[in-house]
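First comes the structure, then the notes that go with it.
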Amino acid sequence: MVDGAFESRFQGVTRADDGLMGRVLYRFAERNWVAHVQSDYLRHFRSRGEGKVLDLGSGRGIFLGILRDAGIPAVGVDSHPDSVRECHDHGFAEVEQADVVEFLAAKAAAGDHFGGILCSQLIEHLDGGRAVRLVELCARLLSPGAPLVIVTPNITNLFVWSELFWCDPTHVRPYARPLLEAMLAAAGLSLRSSYADPRTRLSGLKLIPRVLRYGPGALSGVDLVVVGEKPR
(Lines give C-alpha, C1' and ligand atoms only; values in the text may rest on other atoms or scores of the structure.)
Protein backbone atom coordinates (compact mmCIF):
# COMPACT_ATOMS: atom_id res chain seq x y z
CA MET A 1 0.00 0.00 0.00
CA VAL A 2 1.07 3.57 -0.60
CA ASP A 3 0.73 5.46 2.65
CA GLY A 4 1.20 9.11 3.53
CA ALA A 5 4.85 8.63 4.47
CA PHE A 6 5.53 7.08 1.08
CA GLU A 7 3.75 9.87 -0.77
CA SER A 8 5.68 12.52 1.15
CA ARG A 9 8.96 11.11 -0.14
CA PHE A 10 7.87 11.91 -3.68
CA GLN A 11 6.68 15.45 -3.14
CA GLY A 12 10.13 16.99 -2.71
CA VAL A 13 11.72 15.25 -5.70
CA THR A 14 11.32 18.14 -8.11
CA ARG A 15 14.80 19.19 -9.14
CA ALA A 16 17.98 17.56 -10.36
CA ASP A 17 20.03 17.75 -7.17
CA ASP A 18 23.57 16.37 -7.22
CA GLY A 19 23.29 12.61 -6.97
CA LEU A 20 19.62 12.54 -7.90
CA MET A 21 19.97 12.11 -11.65
CA GLY A 22 20.07 8.45 -12.58
CA ARG A 23 18.09 7.38 -9.51
CA VAL A 24 14.50 6.17 -9.73
CA LEU A 25 11.72 7.03 -7.33
CA TYR A 26 11.99 3.63 -5.70
CA ARG A 27 15.20 4.80 -4.04
CA PHE A 28 13.00 7.14 -1.98
CA ALA A 29 10.57 4.42 -0.92
CA GLU A 30 10.93 2.39 2.23
CA ARG A 31 12.90 -0.78 1.58
CA ASN A 32 10.27 -2.97 3.28
CA TRP A 33 7.51 -1.46 1.16
CA VAL A 34 9.44 -2.10 -2.07
CA ALA A 35 10.13 -5.68 -0.94
CA HIS A 36 6.42 -6.15 -0.22
CA VAL A 37 5.50 -5.02 -3.74
CA GLN A 38 8.31 -6.84 -5.55
CA SER A 39 7.78 -10.10 -3.68
CA ASP A 40 4.70 -10.64 -5.83
CA TYR A 41 6.83 -10.57 -8.99
CA LEU A 42 8.45 -13.80 -7.87
CA ARG A 43 5.45 -15.82 -9.08
CA HIS A 44 6.22 -14.78 -12.66
CA PHE A 45 9.63 -16.45 -12.39
CA ARG A 46 8.40 -19.74 -10.94
CA SER A 47 7.99 -20.83 -14.56
CA ARG A 48 11.13 -19.72 -16.34
CA GLY A 49 13.64 -20.76 -18.94
CA GLU A 50 17.20 -21.99 -18.77
CA GLY A 51 19.75 -19.64 -17.24
CA LYS A 52 19.93 -17.02 -14.51
CA VAL A 53 17.33 -14.31 -13.99
CA LEU A 54 18.50 -10.81 -14.96
CA ASP A 55 17.40 -7.79 -12.92
CA LEU A 56 17.66 -4.70 -15.14
CA GLY A 57 18.17 -1.53 -13.13
CA SER A 58 18.67 -3.60 -10.01
CA GLY A 59 18.82 -0.56 -7.71
CA ARG A 60 19.33 -1.54 -4.09
CA GLY A 61 19.23 -5.26 -4.90
CA ILE A 62 15.86 -5.82 -3.27
CA PHE A 63 14.52 -8.17 -5.93
CA LEU A 64 17.89 -9.91 -6.13
CA GLY A 65 17.45 -10.69 -2.43
CA ILE A 66 13.95 -12.03 -3.06
CA LEU A 67 15.32 -14.30 -5.80
CA ARG A 68 18.20 -15.44 -3.59
CA ASP A 69 15.83 -16.35 -0.77
CA ALA A 70 13.79 -18.38 -3.27
CA GLY A 71 16.90 -20.22 -4.44
CA ILE A 72 16.80 -18.67 -7.93
CA PRO A 73 20.23 -17.67 -9.35
CA ALA A 74 20.31 -14.10 -10.61
CA VAL A 75 22.52 -11.31 -11.90
CA GLY A 76 21.95 -7.57 -12.15
CA VAL A 77 22.97 -4.39 -13.91
CA ASP A 78 22.53 -0.75 -12.98
CA SER A 79 23.97 2.47 -14.37
CA HIS A 80 24.29 4.20 -10.99
CA PRO A 81 27.51 3.50 -9.04
CA ASP A 82 25.84 3.92 -5.64
CA SER A 83 23.27 1.27 -6.53
CA VAL A 84 25.92 -1.17 -7.70
CA ARG A 85 27.97 -0.53 -4.57
CA GLU A 86 24.92 -1.19 -2.38
CA CYS A 87 24.23 -4.45 -4.24
CA HIS A 88 27.82 -5.53 -3.70
CA ASP A 89 27.55 -4.64 -0.01
CA HIS A 90 24.57 -7.01 0.24
CA GLY A 91 26.58 -9.84 -1.29
CA PHE A 92 25.41 -9.58 -4.90
CA ALA A 93 28.77 -9.76 -6.63
CA GLU A 94 27.28 -10.39 -10.08
CA VAL A 95 25.91 -6.88 -10.50
CA GLU A 96 27.60 -4.76 -13.16
CA GLN A 97 27.67 -1.00 -13.58
CA ALA A 98 26.71 -0.24 -17.17
CA ASP A 99 24.17 1.40 -19.40
CA VAL A 100 21.42 -1.23 -19.50
CA VAL A 101 20.86 -1.10 -23.26
CA GLU A 102 24.58 -1.35 -23.96
CA PHE A 103 24.81 -4.21 -21.46
CA LEU A 104 22.00 -6.09 -23.22
CA ALA A 105 23.57 -5.51 -26.63
CA ALA A 106 26.91 -6.88 -25.42
CA LYS A 107 25.26 -9.96 -23.92
CA ALA A 108 23.30 -10.58 -27.13
CA ALA A 109 26.48 -10.26 -29.22
CA ALA A 110 28.14 -12.81 -26.93
CA GLY A 111 25.28 -15.26 -27.42
CA ASP A 112 24.24 -15.25 -23.75
CA HIS A 113 20.75 -16.08 -22.54
CA PHE A 114 18.70 -15.65 -19.38
CA GLY A 115 15.96 -17.63 -17.70
CA GLY A 116 13.92 -14.47 -17.12
CA ILE A 117 14.29 -10.68 -17.00
CA LEU A 118 12.80 -8.11 -14.63
CA CYS A 119 12.64 -4.51 -15.89
CA SER A 120 11.11 -2.61 -12.98
CA GLN A 121 10.74 1.19 -12.91
CA LEU A 122 13.21 1.57 -15.76
CA ILE A 123 11.57 1.82 -19.17
CA GLU A 124 10.00 5.20 -18.38
CA HIS A 125 13.54 6.58 -18.17
CA LEU A 126 14.15 5.75 -21.85
CA ASP A 127 12.98 7.44 -25.03
CA GLY A 128 10.93 5.49 -27.53
CA GLY A 129 13.81 4.26 -29.65
CA ARG A 130 15.85 2.97 -26.72
CA ALA A 131 12.77 1.40 -25.12
CA VAL A 132 12.01 -0.55 -28.30
CA ARG A 133 15.65 -1.59 -28.52
CA LEU A 134 15.59 -2.74 -24.89
CA VAL A 135 12.54 -4.96 -25.44
CA GLU A 136 14.00 -6.37 -28.66
CA LEU A 137 17.28 -7.24 -26.94
CA CYS A 138 15.48 -8.79 -23.98
CA ALA A 139 13.51 -10.97 -26.39
CA ARG A 140 16.73 -12.13 -28.04
CA LEU A 141 18.33 -12.91 -24.70
CA LEU A 142 15.47 -14.87 -23.17
CA SER A 143 15.67 -18.64 -23.32
CA PRO A 144 12.49 -20.50 -24.43
CA GLY A 145 9.74 -20.25 -21.83
CA ALA A 146 11.45 -17.37 -20.02
CA PRO A 147 9.43 -14.32 -18.91
CA LEU A 148 10.07 -10.61 -19.37
CA VAL A 149 8.37 -8.66 -16.57
CA ILE A 150 8.04 -4.91 -17.16
CA VAL A 151 6.87 -2.69 -14.30
CA THR A 152 6.24 1.00 -14.91
CA PRO A 153 4.02 3.81 -13.57
CA ASN A 154 0.36 3.23 -14.45
CA ILE A 155 -0.82 6.35 -16.27
CA THR A 156 -4.46 5.25 -16.24
CA ASN A 157 -4.22 6.26 -12.60
CA LEU A 158 -4.88 9.98 -13.00
CA PHE A 159 -2.90 10.87 -9.89
CA VAL A 160 0.13 9.17 -11.44
CA TRP A 161 -0.33 10.85 -14.81
CA SER A 162 -1.11 14.36 -13.59
CA GLU A 163 1.36 14.56 -10.70
CA LEU A 164 3.32 11.57 -9.41
CA PHE A 165 5.01 10.59 -12.69
CA TRP A 166 6.49 14.06 -13.08
CA CYS A 167 8.03 14.16 -9.60
CA ASP A 168 11.08 12.33 -10.99
CA PRO A 169 13.12 14.61 -13.30
CA THR A 170 14.74 11.55 -14.91
CA HIS A 171 11.44 10.26 -16.31
CA VAL A 172 11.43 10.67 -20.10
CA ARG A 173 7.96 9.46 -21.09
CA PRO A 174 5.21 7.09 -19.91
CA TYR A 175 4.48 3.72 -21.53
CA ALA A 176 0.82 2.74 -21.57
CA ARG A 177 -0.38 -0.85 -21.38
CA PRO A 178 -1.46 -1.15 -25.06
CA LEU A 179 1.91 0.19 -26.20
CA LEU A 180 3.91 -2.20 -24.03
CA GLU A 181 1.78 -5.13 -25.15
CA ALA A 182 2.38 -4.15 -28.79
CA MET A 183 6.13 -3.83 -28.17
CA LEU A 184 6.24 -7.32 -26.68
CA ALA A 185 4.32 -8.76 -29.63
CA ALA A 186 6.55 -6.99 -32.15
CA ALA A 187 9.59 -8.52 -30.43
CA GLY A 188 8.08 -11.99 -30.77
CA LEU A 189 6.96 -12.47 -27.17
CA SER A 190 3.60 -13.86 -26.15
CA LEU A 191 1.57 -12.06 -23.48
CA ARG A 192 1.29 -13.85 -20.13
CA SER A 193 -0.50 -11.15 -18.17
CA SER A 194 -1.07 -7.41 -17.97
CA TYR A 195 -2.53 -5.60 -14.95
CA ALA A 196 -2.50 -2.63 -12.61
CA ASP A 197 -0.79 -3.93 -9.49
CA PRO A 198 -3.34 -3.97 -6.65
CA ARG A 199 -0.53 -3.94 -4.11
CA THR A 200 0.24 -0.36 -5.13
CA ARG A 201 -3.26 1.06 -4.75
CA LEU A 202 -3.51 4.24 -2.73
CA SER A 203 -5.05 3.84 0.70
CA GLY A 204 -6.01 5.78 3.79
CA LEU A 205 -7.84 9.04 4.39
CA LYS A 206 -5.69 10.88 1.87
CA LEU A 207 -7.36 8.84 -0.84
CA ILE A 208 -10.65 10.75 -0.46
CA PRO A 209 -9.36 14.10 -1.79
CA ARG A 210 -7.41 12.20 -4.48
CA VAL A 211 -10.61 10.58 -5.74
CA LEU A 212 -12.46 13.92 -5.63
CA ARG A 213 -9.65 15.57 -7.57
CA TYR A 214 -8.65 12.84 -10.03
CA GLY A 215 -11.76 10.65 -10.22
CA PRO A 216 -12.04 6.85 -9.94
CA GLY A 217 -8.75 6.44 -11.83
CA ALA A 218 -6.97 7.20 -8.58
CA LEU A 219 -8.28 3.88 -7.24
CA SER A 220 -6.27 1.79 -9.69
CA GLY A 221 -2.78 0.59 -8.87
CA VAL A 222 0.08 3.05 -9.12
CA ASP A 223 2.17 0.44 -10.96
CA LEU A 224 1.46 -1.31 -14.26
CA VAL A 225 2.83 -4.84 -14.73
CA VAL A 226 3.12 -6.36 -18.21
CA VAL A 227 4.53 -9.90 -18.55
CA GLY A 228 5.68 -11.43 -21.82
CA GLU A 229 7.16 -14.87 -22.52
CA LYS A 230 9.61 -16.24 -25.08
CA PRO A 231 7.74 -18.99 -26.96
CA ARG A 232 9.04 -22.50 -26.33
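Counted by atom type alone, S190 and E229 present zero donor-acceptor pairs between their side chains at under 3.5 Å. Defined by atom type and a distance below 3.5 Å, a donor-acceptor pair is present between the side-chain atoms of R199 and S39.
Take A176 and apply the side-chain contact (heavy atoms from CB on, under 4.5 Å) test, not counting sequence neighbours, and it matches I155, P178. Considering only residues two or more places apart in sequence or on other chains, P231 meets the side-chain contact (heavy atoms from CB on, under 4.5 Å) condition with none of them. Remark: A131 pairs with I123, L126, Y175, M183 by the side-chain contact (heavy atoms from CB on, under 4.5 Å) rule, at least two apart or across chains. For F114, there are no ring pair (Phe, Tyr, Trp, His ring centres under 6.0 Å) partners at least two apart in sequence or on another chain. Qualifying salt bridge (charged side-chain N to carboxylate O under 4.0 Å, His left out) partners for E94, counting only residues two or more places apart in sequence or in other chains: K52.
Other residues, nucleotides and ligands place no more than 12 heavy atoms under 6.0 Å from the CZ atom of R133. No more than 12 heavy atoms of other residues, nucleotides or ligands sit less than 6.0 Å from atom CZ of R140.
Ring centers of F92 and F63: at least 6.0 Å apart, outside the cut-off.
The shortest distance between side-chain heavy atoms of V151 and Q38 does not fall below 4.5 Å. Here the side chains of L122 and L134 are in contact, with some heavy-atom distance below 4.5 Å. Contact of the L184 side chain with the I150 side chain is registered, since non-hydrogen atoms from C-beta on lie closer than 4.5 Å. Between I66 and I72, every side-chain heavy-atom pair lies at or beyond the 4.5 Å cut-off. The shortest distance between side-chain heavy atoms of H88 and V95 falls below 4.5 Å. Residues I117 and L142 are in side-chain contact: their nearest non-hydrogen atoms beyond the backbone lie under 4.5 Å apart. Using a 4.5 Å cut-off on side-chain heavy atoms (C-beta onward), L148 and V227 make no contact.
Look at E86 and R31 and you find a salt bridge, because one of the NZ, NE, NH1 or NH2 atoms lies within 4.0 Å of a carboxylate O, short of that distance. In this structure, R60 does not pair ionically with D78, as no charged nitrogen and carboxylate oxygen lie closer than 4.0 Å. A salt bridge is defined here as a Lys NZ or Arg NE, NH1 or NH2 lying under 4.0 Å from an Asp or Glu carboxylate O, and D82 with R85 meets this definition.
For the pair N154 (side chain) and G221 (backbone), a donor-acceptor distance under 3.5 Å is present. Judged by distance alone, the side chain of H125 and the main-chain N or O of T170 form a donor-acceptor pair under 3.5 Å. Under a 3.5 Å cut-off, the side chain of R201 and the backbone N or O of P198 do not form any donor-acceptor pair. Of the possible donor and acceptor atoms, one in the side chain of T200 sits under 3.5 Å from a partner among the backbone N and O of V222. At distances below 3.5 Å, not a single donor-acceptor pair connects side-chain atoms of D223 with backbone N or O atoms of D197. For the pair H113 (side chain) and G51 (backbone), a donor-acceptor distance under 3.5 Å is absent. In terms of modelled atom types and a separation under 3.5 Å, the side chain of K230 and the main chain of A146 share no donor-acceptor contact.
Taking both residues in full, the closest heavy atoms of W161 and P174 are given as CZ3-CG, 3.3 Å, listed atom of the first, atom of the second, then distance. Residues L137 and V101 approach most closely at CD1-O, 3.7 Å, considering heavy atoms. Across all non-hydrogen atoms, the minimal contact from E181 to S194 is OE2-OG, 2.8 Å. Closest approach of V100 and G57 over heavy atoms only: CG1-N, 4.1 Å. The two residues L104 and C138 come nearest to each other via the heavy atoms CD1-SG, 3.9 Å. P153 and Q121 get closest at one heavy-atom pair: CD-OE1, 3.5 Å.
Distance check, rounded to the nearest 0.5 Å: CD of Q97 to SG of C87 gives 11.0 Å.
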Check the pair H44 / S193 against side-chain contact (heavy atoms from CB on, under 4.5 Å), numbers first and verdict last.
CA-CA 9 Å; H44 299 302; S193 61; 3.8 Å; yes
Using side-chain contact (heavy atoms from CB on, under 4.5 Å), reason through L191 and V226 one step at a time and then give a plain yes or no.
CA-CA 8 Å; L191 185 66; V226 178; 3.9 Å; yes
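Residues F103 and L64 fall into different hydrophobic clusters, defined by Ile, Leu, Val, Met, Phe, Trp and Tyr side chains chained together at heavy-atom separations under 4.5 Å. Put simply, L67 and L118 are part of the same group of oily side chains (I, L, V, M, F, W, Y) that touch within less than 4.5 Å, one to the next.
Annotation: salt bridge (Lys or Arg N to Asp or Glu O under 4.0 Å) contacts involving residues 105-119, sequence neighbours excluded, comprise E96-K107, K107-D112.
The one candidate from L224, D168, V172, T152 that meets the side chain to side chain contact (heavy atoms under 4.5 Å, CB included) condition with E124 is T152.
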